[in-house]
Structure formats: C-alpha cells, structure tokens
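These notes concern the structure reproduced below.
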Amino acid sequence: MKRSMGRKEAGRSDFTGRRAFMRVTDHPILGPMPQRREITIYVDGKPIRAYEGEPIAAALVASGIRVMRKTPKLGQPRGVFCAIGRCTDCVMTVDGVPNVRTCVTPVREGMKVETQIGLGRWSEEAVSRWLEETGMGR
Amino acid sequence: MASSKESVIICRCREVTEQEVLDAIEDGATTITGVKRRTHAGMGLCQGKGCSRLVARLISQKTGKPLKDVLPATVRPPVRPVKLSALAEGDD
Amino acid sequence: MSFKESVDIAVIGAGPAGLAAAIEAAKAKARVVVFDENLSPGGQLFKQIHKFFGSREHLAGTRGYRIGEMLLKEASEAGVEIRLGTVVYGVFEPLTLGLVNGDKSWACSARAIVVATGAMENTMAFPGWTLPGVMGAGAAQTMVNIHRVLPGRKVLMVGSGNVGLIVTYQLLQAGAEVAAIVEAADKIGGYGVHASKVRRAGVPILLSHTVKEAYGNGQVEGATVVKLDRQWHPIPGTERSFDVDTICVAVGLSPLAELLWMMGVEFTWDGRLGGHVPLHDEDMRTTMEGVYVAGDVTGIEEASSAMEEGRLAGIAAAEHLGYLDPAEALRRKEAVRARLDALRSGPFGQARKEAKLRLVEEFRRKYAGAGEKATVSAAGGAGGATGAAPEASNAAPASKVASPQEPEARGVARTGYPSPEELSASPGVPSMERLKKGKVAVIECVQEIPCNPCEEACPHGAIKVGTPITNLPALDAEKCVGCGLCIPKCPGLAIFTVDLSLPGEEALVELPWEYLPLPEKGQLVQVLNREGIPVGRGRVTAVRKSPKFDKTVVLQVRVPKELAMEVRAISRDGQRPS
C-alpha cells in the first residue's frame, strides 16, 4: 500500500535531532507555509534562521529558544506570555536597545538579539543611533 | 522549598510575591492602590494588567470586601509606555 | 503636541467591534478614523480559524479570519481610515485623543468616540507560573495560527470554557499534543460540540482538577495537577504529574478599560461579564456625552456579538451627530438588536443576556429619568450591582435530556461527548430502523446553542431548526438520503452519516476531518470512539474534498457493523494499526 511521507506528514512540527524545529510547515486549515524570504538574525551571537516580517519571538521559539530574559530582582527566566505585546515578559535587548517586545517587533536581516539581564542597558552605539535618528543630539 | 506564598509571584513585572501582597493587606491596605503603594505591584511596564485581578482577589479573601468594591488603581495618562521623545514639543 | 486633526468619530480599537462601528458610521457619511496600537487590524479575529456559530445573518459557518477579511473590505469600501501602530495614550477634554506613533505625537479632536479596546486574558498564579512555557491560551493561539510556530510540543490546558476547548483543538491541528484539559468546576464550561472534537481526538478532560505547580529547569518541563473538593480545596494525595513543556491558561478575560476609567465614565460590576464594565444604555452610550463603547470592553462575549454591538455604537454615534435621522437610526438599530438577541439566546447566552439587561436597566434607572418601565425580569434589586454573581460566565447548561440545574453524570457537560440517552433523545439522531434502511445523517447535537447552518446545508430539506435558532436540529429521516453535504457545514463538526445497509458484516461511517496527515483512499486506519479510544480497524473508502467544504474534509470509513454507532474519528498520527 502506497503511503507518502514528507509533506503529508507535516501539519505537525518537524523535529530534527536535538535542535527543536517548531514551525508548522503545513496546516489543515491554513495550508502550506507561505513563501517568505529567509534571513539571518543573531541571538546571543548565534545565527538563527528567521522569516522576513515575523516577530522576533516567533523566530526564537521556532528554533527552540524560549527563555528571553532574566528578571532584575530575582533573576528568573521569562519568555512569551501573552504574545500580543501587552505583558512585556518577552522583552530582549535588540540592536543594543533594551526592553524591546519581541512578540510584536518584526525581525530584520542581521538583527542582533540578546537575552536581557534585568533592566538591560543601552549600548553606546544604540544611543548614538537614537540621537542621530531623532535629531535630539543637535 | 519555601512556602508557596513566599515564592508565588503575583506581579510579574515588579516580581512581587503573594506573601508581600498579603503583608501589605495585613499592614492596612484595603485597595489595589494601597497594595501598589506598599509593594509596587502594578507599577511595572504592564501597569497592573496582569496582577490587578489577582491582588483584588487577595484583598477580597483577606478582608471580606466584595470583589465589586475593589476598584482598579487610579488611571492616569499615558495608559501605555510612551517615549518622551514622542511627547517633546516642536519635534515636527 | 504640535499637530491636531479633527474627525467626526474616533474609534479606538480595530477589532471586530471597532471595525463594525466605523463601518456603520462611515455608511452614514460621518468622517471616521480608527486607531489601533497593533501593526495589524482585526484584533483577535484573525487567529480564529474555526467556523463561527449563529445563523446566516451572523455569517455562521464562516471561519473567523474570513470574517475579518470581509470586515476589512467593508471598511475600506465605506471609506474608513485605519491608523495602525498608533497608541491612544489618553483622552482629554473635550473628547480629544492623545496619540503616539513611534516618535510622533499629535492630538485628534472628535465629536464622538467609540471605545472598542477589547479584553485581555486573565492570569492565574501558581508555583512556577512565571516559567517560560506558561502562557495564555490566546497566546498559544496567536503563535500557531498567526505566526505558525508551535509554542511547545506537549501542552496542559487549564480551563474548559470555549477558549480552552477551541485552542486545544487548534493546537492538535498544528501538530502539538495536549496531555489533558483540567477544569476546576465539576462540569465543562464550553459547548459540548467543542468538547466532543477534542475528546474523540483522545484528549482527557479532568473535572474538579486544577494545576498545582509548574516545574522545570529554566522552563516548563512538567506540571502537577490536583483534584479539588466541593469547596474548591485541593485534596492531598490526589496529585498527578504530566510530562508537558507548555501550560496554557484559559481562565477567562477581563476588559481593557483603562481609557474609560481615566475618562471618568461610570462603571458597574457584573461577574457574568468579567468584572467591572462601563455602564451603557441600549445604544451603547456611556454616562459621558459622546462616548460609546462596544465589544469585549463592555463585557466578555464573542466576536459575533462584538460586531453587532459595534454596529449599534456606530449607528448611535452617527445619529448623535445628526448623520442619521432618528427613524432611520431606529430601524437600523432594531435590526442589529434582533441579531444580537439571537446570539445571546439559549442556556449558554442566558447569563450574558440577563447581565446586559440588568446593566441597561441600571443605566436607565439612573440616567433616563423616572417613569421608565423596567423590562428586566430577573435580578437587579436596589443598588443594582450583582456582587454575588459567579465569575464564570460560561456555566454549562444541561443538555436537553438532563435537568437544567444538574447536568446528568454521563452527559456531554460532564464527559465531553453525548451519552446514549442524550443521543436517543435528540431529534437529529435517526432510529435504528431507519439506520438499517441505508445511508442517513446522524446529527449529534444535543445542546441548545444558537446555530443553524445545517438547516440550509441540506439540499433535500431534511434538516429543520426553525426559530429560535437554539432548537436542536431535527432530522426528517424519510427525506434524508445520506448525501453527507451537511457534514462539512456544521461548525461544531457534530454531523456524521452511517450506512448499515451494506451486505455482510461491515458498515460505512462518514465523519468530518480537519487534520494532517490526510489519509488516502484504501488506507487501513485505527478507528476511535467518542472518547478517542481505539475500538478497531477500518478502511478509508473515500476522502471527499471540495472548496465548498471550506477545508473540512469528509472521510468515509468502512468499519465492522457493530461499531457503526461508535466510530466517530480515526487515529490522528496516521500510523497503521499494529
């Protein structure tokens, strides 16, 4: 009896070895994954595959990364909680700017994402960039 | 392990535990604002969205005050975190 | 703030309520702008991938995201302007919105405002709830249906209201496992048909249970649940652990009403609506002139009622500004109110209907002057606020055969699937005599919910719901030829066909299927009963697909005759039986 595997098997996650790959590549209602440009972002220095336009948190969770930060007071790990930008548990330091809500912020090619420890810190580079962009530095 | 009240977080943003909230109520807080002043619960980035209901229930359980009489903390603008640069005059 | 714009009507929130309000106001030729802090419109609508209930006028049978698309199209055609990524950080006198978008801020002065800011999921605190892996059920729904990412591989769902049941189903569709649903009450909170889908997929529902603790090294690796006694206290020694990496919390929602508190509109309290809600009249008008409300911010319901309330608010706001004469406005409002009323009918809508009536009556008593006759039949003593009302607004009603107060022990509100008694009492289930004559529909709908797409689905007129639309569908067994076209049309996926007339020892069962992998014609499969327990093997004899079925596939399976009224699903993992 012929029974095809591969694409038909999907509609569930693909689990490749130790690194969890948690994308829903095919779905009974939503259909196959739409074509999107693949880009690379860096999470604590490690390159991670992401799809253009998706929130940072989606790319991270898809790659098995669920710990986004450690809290200031008790050093507890936190991750996605509300997923719609209301609770701020998922914040990370992005391109040197802390407290960025990863569940509603889209990825960009080359983006540098860091696990935020406590309240985080603006990097010098990010401060200069902000002064430049807002014209506040003049 | 410590008693769960000491470790269970009520305010996720400011990491306030259930015990701290109960202590605040013990100390005389009968409103959400009262608990907020003593513990900072509700003063974090989400401005009480996650913890207000939990604090209200603890107040109600401990003081007998019906839930309907436990009002949210006073709301003042801005209701969302807003960058100061956005509110600065003459930036257009 | 260096810039100020002016509009007729400012709508805060581009979810179903806000969009519907804007559409009605724009149709009346008012200048309407909708502000939403999110980068996409639609609120929580686009992640609802299931078919909605109601009747044709409520777009029943249409998937949530398609309704969202239709709303956006209607808004665009009506000339509604939607400003995304724009935060309303405050509302100042007189009806001036403070707005921020990125680094820009400005003000918008309006002549009327509709606040449609929706609601947020409730939290539930327990040891370990801050571990990554614990999230709202809505959060998991966003992850799988919008972002197409699994939040985890194995989930524990806390809460059996419609949100918990629906999200469980959608997690299964996305490929996750759900170890169990725990429900603190002693009955299932949501619709029986939603529960039945997940029960026949093998997900247990543990009543009188709650989560005691989440544990793991840095993220969720397991959860302990515990049984509760009748006083809601945990019973020591009844703890059970589940090997899960995700815990979804579905314990209700609360209105996001900060702007309204800030503005100083009067609130009332009703546990049936989610707590503190803004007082409003039947035109969705608050105690502040020119300020209207609609949708979940006024009380937790569903997208369909949010849209109708939105329409009411939009019509009323347009009338207030003189864009509609009172007679025309009344005509439009009555049409909306009739639809809204239908959505709140039946045992599930009862609590909300009464709560809203009480609220409107309180408004009228306080603000509409003396001499107005009360129309509320229940509750509403002096002082109004029903402080003692229970928090859960989704108290499961009994199915038709059981008493309204106490669902029977074996009924769908306890087990998650209809009992033999409920099935035989249902007018949608044909007699054994008819079943033996040949292929016929079996409509396993045993609870009164406002829903009737099956009636229109039958080309032979064999299904009748009538009015009210909460009636259980009745099958005219003589007219029914068993074509099965009703199967994909039922939003609850509660319709099957059975053919007991085959020669020999086998029968044919047709069932709705919304999972991958799709089995192939000729494939041998494990067949499951309503509890999701494998009861034998079957052969897939047909896989029926059609664009008209809107992604619901109809599987035809040949099973042993004695299993024909038991088999309601096949095994989801596509594996061959051993």
Side-chain angles (χ1 to χ4, degrees), chain A residues 1-5 7-15 20-31 33-34 51 54-55 57-71 74 76-87 89-90 103-106 130 133-136, chain C residues 37-39 44 49-50 63 65 103 120-121 123 129-136 138-153 170 172-177 217-220 245-246 249 256 513-520 522-524 550-553 572-574 576:
Chain A
M1 189 83 52
K2 192 157 69 81
R3 181 161 160 15
S4 54
M5 306 283 278
R7 289 311 274 180
K8 285 214 175 151
E9 204 59 64
R12 336 157 49 139
S13 55
D14 292 335
F15 182 49
F21 177 55
M22 305 288 278
R23 298 223 183 245
V24 183
T25 47
D26 200 359
H27 190 283
I29 311 297
L30 301 171
M33 182 95 89
Y51 286 108
E54 71 177 349
L60 263 56
V61 173
S63 296
I65 300 169
R66 298 200 306 174
V67 180
M68 267 87 184
R69 67 183 178 105
K70 295 287 173 71
T71 59
L74 302 168
Q76 290 178 339
R78 296 286 174 89
V80 171
F81 185 67
C82 77
I84 54 170
R86 293 291 96 78
C87 76
D89 250 350
C90 69
C103 68
V104 292
T105 307
W130 179 83
E133 280 168 11
T134 58
M136 302 281 270
Chain C
E37 58 188 334
N38 299 296
L39 294 173
Q44 310 313 314
I49 63 172
H50 54 286
R63 297 192 187 272
Y65 59 76
D103 285 322
M120 187 164 128
E121 297 198 271
T123 53
W129 74 294
T130 58
L131 282 171
V134 180
M135 64 186 68
Q141 199 184 24
T142 298
M143 297 293 288
V144 293
N145 294 341
I146 305 286
H147 305 316
R148 303 194 55 142
V149 174
L150 284 182
R153 253 185 307 282
Q170 291 171 1
L172 297 175
Q173 287 182 307
E177 274 180 66
N217 185 9
Q219 49 185 297
V220 173
D245 62 7
T246 307
V249 179
L256 282 166
W513 190 250
E514 289 184 339
Y515 297 105
L516 292 175
L518 209 50
E520 284 172 14
Q523 188 176 325
L524 196 62
D550 192 10
K551 313 286 188 343
T552 306
V553 175
R572 269 175 310 119
D573 58 13
R576 298 223 176 312

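Numbers restart at 1 for each chain; the letters A, B, ... are given by sequence-line order, proteins then strands. Source: prediction; values computed, not measured.
- Taking all atoms of both residues into account, the shortest heavy-atom contact from Lys551(C) to Ile29(A) is CE-O, 3.4 Å.
- Ranked by heavy-atom pairs shorter than 4.5 Å toward chain A, the options Gly138(C), Pro132(C), Ala139(C), Ala140(C) are led by Pro132(C).
- At least one side-chain heavy atom of Arg86(A) sits less than 4.5 Å from a side-chain heavy atom of Glu37(C).
- Using a 4.5 Å cut-off between heavy atoms, Val104(A) touches chain C through its backbone atoms (N, CA, C, O) alone.
- Arg66(A) and Asp245(C) get closest at one heavy-atom pair: NH2-O, 2.7 Å.
- The greatest number of non-hydrogen atom pairs below 4.5 Å with chain A, out of Asn145(C), Thr130(C), Thr142(C), Ile49(C), is found for Thr130(C).
- Every residue two or more places apart in sequence or in another chain was checked for a salt bridge (charged side-chain N to carboxylate O under 4.0 Å, His left out) with Arg148(C), and none qualifies.
- Met120(C) contributes atom CE, which lies 6.0 Å from atom SG of Cys82(A) (distance to the nearest 0.5 angstrom).
- The candidate with the highest count of non-hydrogen atom pairs below 4.5 Å against chain A, out of Arg63(C), Gln141(C), Gln170(C), is Arg63(C).
- Atom CZ of Arg23(A) sits about 11.0 Å away from atom CG of Leu150(C), to the nearest 0.5 Å.
- His147(C) pairs by the ring pair (Phe, Tyr, Trp, His ring centres under 6.0 Å) definition with nothing, not counting sequence neighbours.
- Minimum interatomic distance between Val134(C) and Phe81(A) (heavy atoms only, all atoms of both residues): O-CD1, 3.3 Å.
- Using a 4.5 Å cut-off on side-chain heavy atoms (C-beta onward), Gln173(C) and Leu30(A) make no contact.
- Of the listed residues (Leu516(C), Thr552(C), Leu518(C), Val553(C)), just one forms a side chain to side chain contact (heavy atoms under 4.5 Å, CB included) with Pro28(A), and that residue is Leu516(C).
- In terms of non-hydrogen atom pairs under 4.5 Å with chain C, the most contact-rich of Gly31(A), Cys87(A), Cys90(A) is Gly31(A).
- Considering only heavy atoms from C-beta on, Val24(A) stays 4.5 Å or farther from Val149(C) through its side chain.
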